[in-house]
Q: 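My questions will all concern the structure given below.
Computed from a predicted model, the values in this text were never measured in an experiment.
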Amino acid sequence: MAAEEEQRGWPSGEHGGAEVAGEEAAGELLGRQLGQPASFAYAALCATALAWLFPEEEQSSFRTEFMEAFVRWLKLPDAVLPAMTAFASGLGGEGTETFTQVLLKDPILKANPSGITQDLLSFSLRDGYYDARARVLICHITWLLRIPLEELDVLEESLLESLKEQKEEESETAEVSRRKKERRRKLKRYLLIGLASVGGGTVLGLTGGLAAPLVAAGAATLIGSAGAAALASTAGIAVMASLFGAAGAGLTGYKMKKRVGAIEEFEFLPLTEGKQLHITIAITGWLCAGKYGSFTAPWSNLLQSSEQYCLAWESKYLMELGHALDTLLNGFINLMAEEALKLTVLSGIVTALTWPTSLLTAASVIDNPWGVCLHRSAEVGKHLAQVLLSRQQGKRPVTLIGFSLGARVIYFCLQEMAQEKGCEGIIEDVVLLGAPVEGDAKHWKAITRVVSGRIINGYCRGDWLLGFVYRTSSVQIKVAGLQPVDLEDRRMVNMDLSAVVNGHLDYMKQMDTILKAVGIKTKECWQEEKGSSSLCKPAAEEPEQAAGRQPGAEGSREPGQGGAGAEALPPARQPCPCPRGQTSVGTGSS
């Protein structure tokens, strides 16, 4: 048991003492218990990380306001604020390694460095607004301190699980479960104390489904009468509603009440039953008869979050498109396609004008449904942007994942959001697979204003079907689903999926494999984590290198920094032990 605890990041001989210390200092936040050098290093580390993650001029107000509030949160002297502001503006990045080492040497953090993750999460939720940029920062700091990202998942889930727990028979398995629950109770207590200490006693409710007075009755023993009173307050209920949307329903209750422009169908279908502080929306690219006749079918194993939705849109037209794709690929047309591949893609001929006459004749099968869906996907994307901007999902980070025309929906959603004020801090990550959209970097630059985390472009160079149907209709040379997007930005991550995607239809049929390849969690990943005796740790580097890496330093680019040459995704963003996403996903790569 001791060995297992040590593997989980709790040194067996120390964490008991840390728990006792935590009980004695229950009324004070961890960040305020640190020694003066560690407190300064903690704030400076966050400031330099903000400068690297969000260097754009339009993000300057966010960086400044974040650090001003954070200095107050840590109760640091006002005299340090100019230095923190300077760090947040881009100065002092070379001190990242020093700040990290000073922070890790503090006695309070030796037993459990994940206390920093607790503290940052508590700070980020203090006003009922979980900004996507704050979550990206937490993930980044968690990675720098060599803390598995699962720690953040556990912390977020601990805020949402029921306080009432059933007693279990004390077996070895039950003992592990009990210890985990005890730990989560302490995390809840810590976070609630922190939330109750700001905003005049405002505190975040634990769940979206339980009435605040009922929760408060059970919470009093954990957070004390003052915290419980804050939890039951009107302000506490308001904060909960702010995070989870009206009535805590999130996107489940949203349905387009009347036709919007050309859009006939737009509705969110739940993929999971849970609640989470960050949500995932998956978007399907077409429908076909049989197994993949529903919007949810390709996403059956997706588990990026405990709260996930699938967007149902224009099913009649997507079904017609799926039928046309099958017709195009079946029978003698398939033979012509193989010949076309030999004559065009392999010889480097990429314009629509060079396709063989026989294949262009066959295009009549797909021309109309493809053209209709191209237009409607753009309109659906613009409507999705308005839904997200209006905070129908509450004030929580959103991850968007889509393939084919579903990726096109996301692309136009982001383009629409980029034109509106207040678009920052909503979208955490986006994953576009086989996207039939412009591949020129200049068209993607605006998206970086909207996305706080990663922009993953998954492409397949040999996807002749995408090249055929898109180039014949749009006459575009560069297509994102066929090649990398050469955007020099730390967010941009290009993923060559040619080893796992043989053709365009594989995006639906091979979705589980593709999700693992790009670093998105699936149910299989969670099962492997659950069966593992240790939490996943950043494996790309040696621990001391990971802890001391200076973001943005020449020759020490953080994995997943992005740009056209990105080689891997950040280890801290990949808690899954399944194959990691890389620029080129080859057989056996992991």
Side-chain angles (χ1 to χ4, degrees), residues 42-73 84-85 87-90 93 96 116-117 119-145 149 152-153 155-156 204 242-243 276-281 304-305 385 388-389 391 393-400 413-414 417-418 420-431 445-456 489-493 551-552 558 560-562 569-570 572-573:
Y42 180 19
L45 187 63
C46 290
T48 54
L50 283 172
W52 182 74
L53 291 169
F54 309 106
E56 299 81 11
E57 180 61 30
E58 58 266 27
Q59 299 285 1
S60 61
S61 60
F62 170 74
R63 299 193 305 265
T64 301
E65 292 170 6
F66 186 98
M67 289 313 303
E68 288 176 350
F70 196 54
V71 167
R72 292 195 300 270
W73 172 267
M84 296 306 160
T85 303
F87 289 150
S89 66
T96 299
I116 290 297
T117 305
D119 195 66
L120 277 175
L121 180 60
S122 185
F123 170 74
S124 299
L125 294 173
R126 68 194 185 283
D127 57 1
Y129 178 19
Y130 198 6
D131 193 293
R133 291 166 293 186
R135 192 169 196 272
V136 170
L137 173 66
I138 295 173
C139 290
H140 184 73
I141 297 298
T142 296
W143 175 75
L144 286 175
L145 298 179
L149 189 59
L152 177 57
D153 293 328
L155 283 163
E156 291 178 335
L204 169 68
S242 175
L243 270 173
Q276 184 57 288
L277 288 175
H278 62 98
I279 69 173
T280 300
I281 300 175
Q304 180 71 1
S305 169
L388 297 177
L389 286 167
R391 302 288 186 172
Q393 75 282 4
K395 295 182 178 180
R396 297 175 288 169
V398 179
T399 291
L400 299 173
C413 169
L414 300 176
M417 292 180 71
E420 302 290 338
K421 291 183 178 180
C423 64
E424 302 90 352
I426 299 175
I427 305 299
E428 183 176 0
D429 294 325
V430 295
V431 180
K445 184 60 180 176
I447 293 177
T448 61
R449 181 186 169 208
V450 182
V451 181
S452 302
R454 300 171 296 172
I455 304 171
I456 299 178
D489 189 279
R490 63 98 185 159
R491 299 169 181 83
M492 194 74 223
V493 181
E558 179 184 353
Q561 181 175 337
L569 301 180
R573 307 300 300 275

Q: Quick check: closest heavy atoms across L50 and F62, and the distance to 0.1 Å?
A: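 Between these two residues, the closest heavy atoms are CD2-CE2, 3.9 Å.
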Q: Can you see which heavy atom on I427 is nearest to which on A132, and at what distance?
A: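 Closest pair (atom of I427, atom of A132, distance): O-CB, 3.6 Å.
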Q: Measure the spacing between CD1 of I141 and SG of C46 and express it to the nearest 0.5 Å.
A: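 Answer for the CD1-SG pair, I141 versus C46, is 4.5 Å.
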Q: Of the non-hydrogen atoms in S122 and W73, which two are nearest, and what is the gap between them?
A: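 Reported closest heavy-atom pair: OG-CH2, 3.6 Å.
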Q: Can you see which heavy atom on L414 is nearest to which on V450, and at what distance?
A: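 In this case the closest contact between L414 and V450 is O-CG2, 3.7 Å.
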Q: Hey, could you give me the OG1/CH2 distance between T96 and W52, rounded to the nearest 0.5 Å?
A: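 Here the rounded value is 10.0 Å.
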Q: What distance separates L155 CG from L120 CG, expressed to the nearest 0.5 Å?
A: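 Those atoms lie 10.5 Å apart.
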Q: Evaluate the side-chain proximity of M67 to T85: yes if any heavy-atom separation is below 4.5 Å, no if none is.
A: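 Answer no - side chains too far apart.
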Q: Per the side-chain hydrogen bond (donor to acceptor under 3.5 Å, both in side chains) rule, which among E56, E58, E424 passes with R449?
A: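 Exactly one candidate clears the test, E424.
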Q: Quick one: does any side-chain atom of R396 pair with a main-chain N or O of Q276 as donor and acceptor, under 3.5 Å?
A: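 Side chain of R396 to backbone of Q276, a donor-acceptor pair under 3.5 Å: yes, one is there.
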Q: Hey, could you give me the CG/CG distance between D131 and L137, rounded to the nearest 0.5 Å?
A: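 Going from CG on D131 over to CG on L137, the span is 10.0 Å.
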Q: Taking all non-hydrogen atoms of both residues, which atom of A51 and which atom of F87 are closest, and how far apart?
A: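 Where A51 meets F87 most closely, the heavy atoms are CB-O, 3.4 Å.
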Q: Could you walk me through whether R391 and I426 pass the side chain to side chain contact (heavy atoms under 4.5 Å, CB included) check?
A: CA-CA 9 Å; R391 302 288 186 172; I426 299 175; 3.4 Å; yes
Q: If you compare all heavy atoms of I279 against all heavy atoms of S305, which two are closest, and at what distance to 0.1 Å?
A: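 It is CA-OG, 4.0 Å.
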Q: Determine, stepwise, if the pair I281 / V398 fulfils side chain to side chain contact (heavy atoms under 4.5 Å, CB included).
A: CA-CA 7 Å; I281 300 175; V398 179; 3.9 Å; yes
Q: Let me confirm one number: the CG-CD1 distance from D119 to I138, rounded to the nearest 0.5 Å.
A: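 Those atoms lie 10.0 Å apart.
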Q: Mind checking the OG-CE spacing from S89 to M84? Nearest 0.5 Å is all I need.
A: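 The OG atom of S89 sits 12.5 Å away from the CE atom of M84.
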Q: Cationic tip of R63 within the cone over F66's six-membered ring, i.e. under 6.0 Å and within 45° of the normal?
A: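 Judged by the rule, R63 and F66 form no cation-pi pair.
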Q: Exactly one of R133, R135, R454 should register a side-chain hydrogen bond (donor to acceptor under 3.5 Å, both in side chains) with E428. Which one does?
A: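 Per the side-chain hydrogen bond (donor to acceptor under 3.5 Å, both in side chains) rule, the option paired with E428 is R135, out of R133, R135, R454.
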Q: Should I116 and L45 be marked as a side chain to side chain contact (heavy atoms under 4.5 Å, CB included) after you check the CA-CA gap, both sets of side-chain angles, and the distance that decides it?
A: CA-CA 11 Å; I116 290 297; L45 187 63; over 6 Å; no
